[in-house]
Each structure stands twice: as C-alpha cells, then as structure tokens.
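Letters go in sequence order (proteins before strands), and every chain restarts at 1. All values reported here derive from a predicted model rather than from experimental measurement.
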Amino acid sequence: MPSYRAPRGTRDLLPEARAGLSRLEAIARSLAARYGYREMEIPLFEQTAVFERGIGEATDVVEKELFRLAPRTEDSEAWALRPEATAGLVRAFVQHGMHTLPQPVKLTVVGPMFRYDRPQAGRYRQFWQWDAEVLGDQGPAVDAELIELGWRFYNEAGVSGVQVLLNSIGDAACRPAYLESLTEYFRANAPVLPELERRRLETNPLRLLDSKDPSMVALIAAAPKISECLCADCAAHFSAVKAHLDALGVPYRVAPMLVRGLDYYTRTAFEYYRSGAEGQQQALGGGGRYDGLVELLGGRATPGIGFALGLDRVLLALEESGVEAVREAPPLAVVTGADPADTVTRLRVASLLRGEGLAVRVELAPRKLSRQLETASKEHAHFAVIIGDELAEGNVQLKDLEAGTQRLVPLSDLARELARAAKSHHHG
RNA sequence: GUGGCCUUAGCUCAACCGGCAGAGCAGCGGACUGUGGAUCCGCAGGUUACGGGUUCGACCCCCGUAGGCCACCCCA
C-alpha cells in the first residue's frame, strides 16, 4: 500500500477522466463565446471576508464548509479557498471598476472549487464548476437567456432528462414580510418541530421549506408560499421570466419550495436536476439572481444573475447513463527501428515529424522491432515508421497498421505523406 | 458534523470452521536476430488499509484510526 495518497475528498483525474473534463470545458467555453460571455480567472483563494460577507455568515457553506487556510503570521489576513466563484467574481468586478464597461457585463470562469464537507460520490472537497454571471441587467429576459444557456450545456454534453426547477424568492420589498409570516407560522408549530428545524427557525427560516424530515411534509405543505406573497414587481418579473422561457422552448417546473442556500439570492432561483436521480439530493447545477450582492461587496448597486454547474456531477451522470467515455486521440504514427540500440536515428526522425506539426510517438526503449510494433498497435497508432538498412538510400518503411500494408518512402517526403494521410483520416 | 455498510497485487476478485495469501487482466521477458493486437511459457508484483488486542496460530474474531460508499445536514 502506498503511504501517500490524495487527500480526503480529492482525487487524481487520470488521463481518461481528464479528457472527459476537458470535453466539458470545451463545450462550456464554446457556449460562453456564443452567448457573449468573456472568460476570466480569479484567485483560488480570497480574503475570508469576501465569502463571509458575500455568501452569508449563517450559511452552511461559510459556517462549516469553508476551507480556511492557516495564517502565515499572526497579523496576516484570513484566507480561504473559494467554495464558489460568484463572490470572487463580484469582488473583481468592483475592484476593477467594471461598472464603467458597457452594461451588462457577462463573465465566465471554469475551474476547481473547494468545500470542506464530508465526501460522497459526486461530492468532493475539490470539484469543478462552470460559472457564468451577468452583471448590470435586472432582467427578466437575461434570466431566461442564462437559464437557457445552462439547459443547452446539458444538451450538448449529452446528459438526458435534465429538468429545470424554477422559483422566485422575492426581493427586499416583499421577502421580509414573507419571512415574517413564515417564521410566525413555524413558531406557532415550534413544539412539534425537530431539533434541527427549530434551530433553523432562528438562523435561516427559508430553509425550513427545504427540509427532508418526513415529519415536516404536512407542515411545509400548509406553510405560506412565497409565490402568494410576492410584491407586484417581483410577480411581474417572475411571470416575464416564465414567458421568455416558454418562448425559448425551455421546459421548466415551478418549484415553490425551492430556496437557495446562499444569502445573496433575490427573485429568480433555479436548479438543474436529473430526473431519475431524485433520490440523490444532488443538483447538477443551480443559480439565481443577486441584485444586492455588488453593493454588499462595496460596489454601487448593480443587479446580477448567474449559475454554477457542477462538472464532476455531469461526468458522473454521463457515466451512469452509459455514455461512452471520450477516447484520447491516438498518435498518428510511432517511429520504430530495426536496430534497437539506434535511438539516435529514431529520435531524430521523430523530432523532424514533430517539427512539422505531426503527433508521433517514438520507441526509445531498446527493444526488438516486433515489440515496438506490438506497442504501437496497442496504442492504436495509425502508422508505424520503420527505420532500417534502407535509410542508407534515404528511405524508410511507412506501414499502415490498420490496413496492414507498407511501402518505401523517401525520408524527405515522410512528413508530407503522413500529413496527407492524417488529413484524409481526420487525425489530429 | 451524525449514523450504517465496506477495505486482500496497478485493476477485478478468490482463500473451507481461525491452519503455508492465490487466480484472471494489465506490466516485463522468452518462444520470434527486420514486421503488430493472437497463442504458449516464464518473471515481477503483498506489512491482507494502518495500529493494537485475543489465540499455539489471525485476511478471518475484538477495539481504535484512516480511507471509500450510502443515508442525513447542505450543496455543485
């Protein structure tokens, strides 16, 4: 047994898995470009305060899942690994005065996030997200545009049966009153509440609606609904979002009990779920509107909306639904030689071909030719270049490993021949 | 953070009631000195996750720890 292993909740993405992730990243980048988003990078860690203020101190993400870094010195500021991208992205928006850019500003980030919670399949301490944010447009058309973007991502990635859950959780005008009536309702029923729920009543009453406790079902069903308490503006916003989604043909289901775990959300809230995986309480992605967040992080009042899609969970969903894993591109050719010891010539020929932009492997272990060809076959190389005595006349053998044919080719023509073959066989 | 199930070679798994830790695949080599995925033969690979206990004797029973999975909590 190895004495060292990847830390709990992390894993090595072996080449095959990395290829799957790369494919998703490529789809995300392609979509982002098509929808007018500009990709950027933000640090993997921020001042802890960015998350505490931005996400909310009472949220689980900050309270128990924040991956805090040990301070280097006593007076250094506190840092934490990013548990999501939105807070850092908004911090950057404010820091760089992006409110002076033409509005709205559409930004995207792809990369790893970190949460210190207990690992499970599809839940890791380091996981990958695609994040897209629109700042400076109060919607509702951009809400629908963004939701459609996520929807399209799952379609292009090949995940079947994804459903959009949609809700509005109100804004500063109507949410306080709703919260009050909700709190009042549950407080009246406090004696029958389980311990955990009683605690949530004080910290974040909205999340009582999210409870999976069986004893809560009837109580939740009878609880006041946010949709009945929305102010006129929020109600109009919500129905306009739905109208735009209808026009785009994006199927969705209104989920009155859908609330989000982060404090900054207002109005539109949505999650992407895979039907057939309702048992697992694992969203494929989610997002919402956060009209107060920019101001909260020190900027001028700017509306915003965004989503985060969990790429690991998409990979898992694809695997579970039996979608073939992506195959890495095989090498076009492997350079082999009759003289096992002559690594100099093999390496020079390989270098020549690589200089011409061709993807070739070269056999450098001093093994006999049959072994070299065996390896080439196992790697699914299309061609083998065989170097032998004919090199004295400036020729090499070019063997087509798929067809089983071979012919003599002048070394000076080799790159051109391979390039032409690559083109006609759609090789990389 | 709480509870349940699990952990034997790189991978998938055997090992009777507590009695010498084994196979397939993958790797390396040979059969085969300039021609490939097959076949046959061989080699290597283990502190049975780790630490303790019970026992003449522990992969097997007991305790602890770590890791994985599942259900909560919560989210991606």
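A 3.5 Å limit on both hydrogen-bonding distances identifies no Watson-Crick or G-U partner for C17(B). Partner assigned to C72(B) is G1(B), using Watson-Crick or G-U wobble distances below 3.5 angstrom. Pairing for U55(B) is absent, judged as Watson-Crick or G-U wobble with the two contacts each under 3.5 Å. In this entry A23(B) has U12(B) as its Watson-Crick or G-U wobble partner, both defining distances falling under 3.5 Å. Nucleotide C60(B) has no partner under the Watson-Crick or G-U criteria, as no pair reaches both atom distances under 3.5 Å. For G42(B), the paired base is C28(B) (Watson-Crick or G-U wobble, both distances below 3.5 Å). Shown here, U7(B) forms a base pair with A66(B); the pair counts as Watson-Crick or G-U wobble because both key distances fall under 3.5 Å.
Between Glu39(A) and Arg29(A) there is a salt bridge, with a side-chain nitrogen of the basic residue lying less than 4.0 Å from a carboxylate oxygen of the acidic one. Between Arg68(A) and Glu52(A) there is a salt bridge, since at least one side-chain N of the basic residue sits less than 4.0 Å from a carboxylate O of the acidic one. Salt bridge status for Asp143(A) with Arg289(A): present, with a side-chain N to carboxylate O gap under 4.0 Å. Here Glu417(A) pairs with Arg420(A) in a salt bridge; the nearest charged N to carboxylate O distance falls below 4.0 Å. Using a cutoff of 4.0 Å between basic side-chain nitrogens and carboxylate oxygens, Glu363(A) and Arg346(A) are not scored as salt-bridged. Contact check on Lys225(A) versus Glu228(A) returns no salt bridge, with no Lys/Arg side-chain nitrogen under 4.0 Å from an Asp/Glu carboxylate oxygen.
Residue Asp389(A) contributes atom CG, which lies 12 Å from atom P of U35(B) at whole-angstrom precision. Atom CD of Glu25(A) and atom C1' of A76(B) are 15 Å apart (whole Å). Atoms CD (Gln397(A)) and P (U35(B)) sit 12 Å apart, rounded to a whole Å. Between the CG atom of Leu14(A) and the C1' atom of C11(B) there is a distance of 12 Å, given to the nearest Å. Remark: C1' of G10(B) and CG of Asp12(A) are 14 Å apart, rounded to the nearest angstrom. Protein atom CD of Gln120(A) is 9 Å distant from nucleotide atom C1' of C72(B), rounded to whole Å. Separating the CZ atom of Arg123(A) from the P atom of A76(B) is a distance of 11 Å, rounded to the nearest angstrom. Atom-to-atom, CD of Glu65(A) to P of U2(B) comes out at 15 Å; the value is rounded to the nearest Å.
Between G30(B) and A14(B), the distance separating the two P atoms is 35 Å to the nearest Å. One P atom belongs to C61(B), the other to C69(B), and the distance between them is 24 Å to the nearest Å. Nucleotides C17(B) and G27(B), compared at atom C1', are 38 Å apart to the nearest Å. For the C1' atoms, the distance linking C59(B) with C16(B) amounts to 14 Å, nearest Å. Straight-line distance between the C1' atoms of U12(B) and U7(B): roughly 14 Å, to the nearest whole Å. The separation of G37(B) from G18(B), taken at their C1' atoms, amounts to 46 Å, rounded to a whole angstrom. For the P atoms, the distance linking G52(B) with U39(B) amounts to 45 Å, nearest Å. Straight-line distance between the C1' atoms of G67(B) and A49(B): roughly 8 Å, to the nearest whole Å.
Positionally, the nearest nucleotide of RNA chain B for Tyr116(A) lies more toward the 5' end than for the other of Glu271(A) and Tyr116(A). Annotation: of the two residues near RNA chain B, Arg8(A) and Trp128(A), the 5′-most nearest-nucleotide partner is Arg8(A).
Considering only the side chain of Arg118(A), G1(B) comes nearest among G1(B), G36(B), G68(B). With C32(B), A76(B), G37(B) as the choices, the nucleotide that has an atom nearest any side-chain atom of Ser377(A) turns out to be G37(B). Side-chain atoms of His380(A) lie closest to G37(B) of the nucleotides U2(B), G37(B), U35(B). Nearest nucleotide to the Phe127(A) side chain, out of A76(B), C69(B), G34(B): A76(B). Comparing G34(B), C70(B), U33(B) by their nearest atom to the side chain of Lys368(A) picks out U33(B). Closest to the side chain of Glu374(A), out of G34(B), C70(B), G36(B), is G36(B).
Within 4.0 Å of Gly150(A), counting heavy atoms only, lies no atom of the nucleic acid at all. As judged by a 4.0 angstrom heavy-atom cut-off over every strand, Gly388(A) is placed among the base-contacting residues. When heavy atoms are screened at a 4.0 angstrom cut-off, Pro83(A) is found touching no nucleic acid atom at all. Tyr124(A) comes within 4.0 angstrom of a nucleotide base, judged by non-hydrogen atoms across all strands. Among the heavy atoms of the strands lying under 4.0 Å from Ala308(A) are primed sugar atoms or P, OP1, OP2 only; no base atom is included. Residue-level contact check: Gly337(A) touches neither bases nor backbone, having no heavy atom under 4.0 Å from any strand. Across all strands, Leu284(A) comes closer than 4.0 Å only to sugar-phosphate atoms, never to a base (heavy-atom distances).
Side-chain atoms of Lys399(A) come within donor-acceptor range of the base of U35(B), with a qualifying N/O pair under 3.5 Å. Between the side chain of Arg11(A) and the base of G68(B), no donor-acceptor pair of N or O atoms lies under 3.5 Å. Donor-acceptor pairing under 3.5 Å, judged by distance alone, is present between the side chain of Glu390(A) and the base of G34(B). Residue-to-nucleotide contacts include a donor-acceptor pair under 3.5 Å from the side chain of Lys64(A) to the base of C73(B). In terms of polar N and O atoms assigned as donor or acceptor, the side chain of Gln406(A) comes within less than 3.5 Å of the base of U35(B) in a complementary pairing.
Neither OP1 nor OP2 of C28(B) sits under 4.0 Å from any side-chain N or O of Lys378(A). Side-chain N/O atoms of Arg367(A) include one lying less than 4.0 angstrom from OP1 or OP2 on C28(B).
A perpendicular orientation is assigned to the rings of Trp130(A) and Phe307(A), their planes being inclined by more than 60° (bins at 30° and 60°).
Taking the ring axis of Tyr124(A) as reference, the NZ or CZ atom of Arg11(A) stays within 45° of it and closer than 6.0 Å to the ring centre. At least one test fails for Arg82(A) against the ring of Phe51(A): distance under 6.0 Å to the centre or angle within 45° of the axis.
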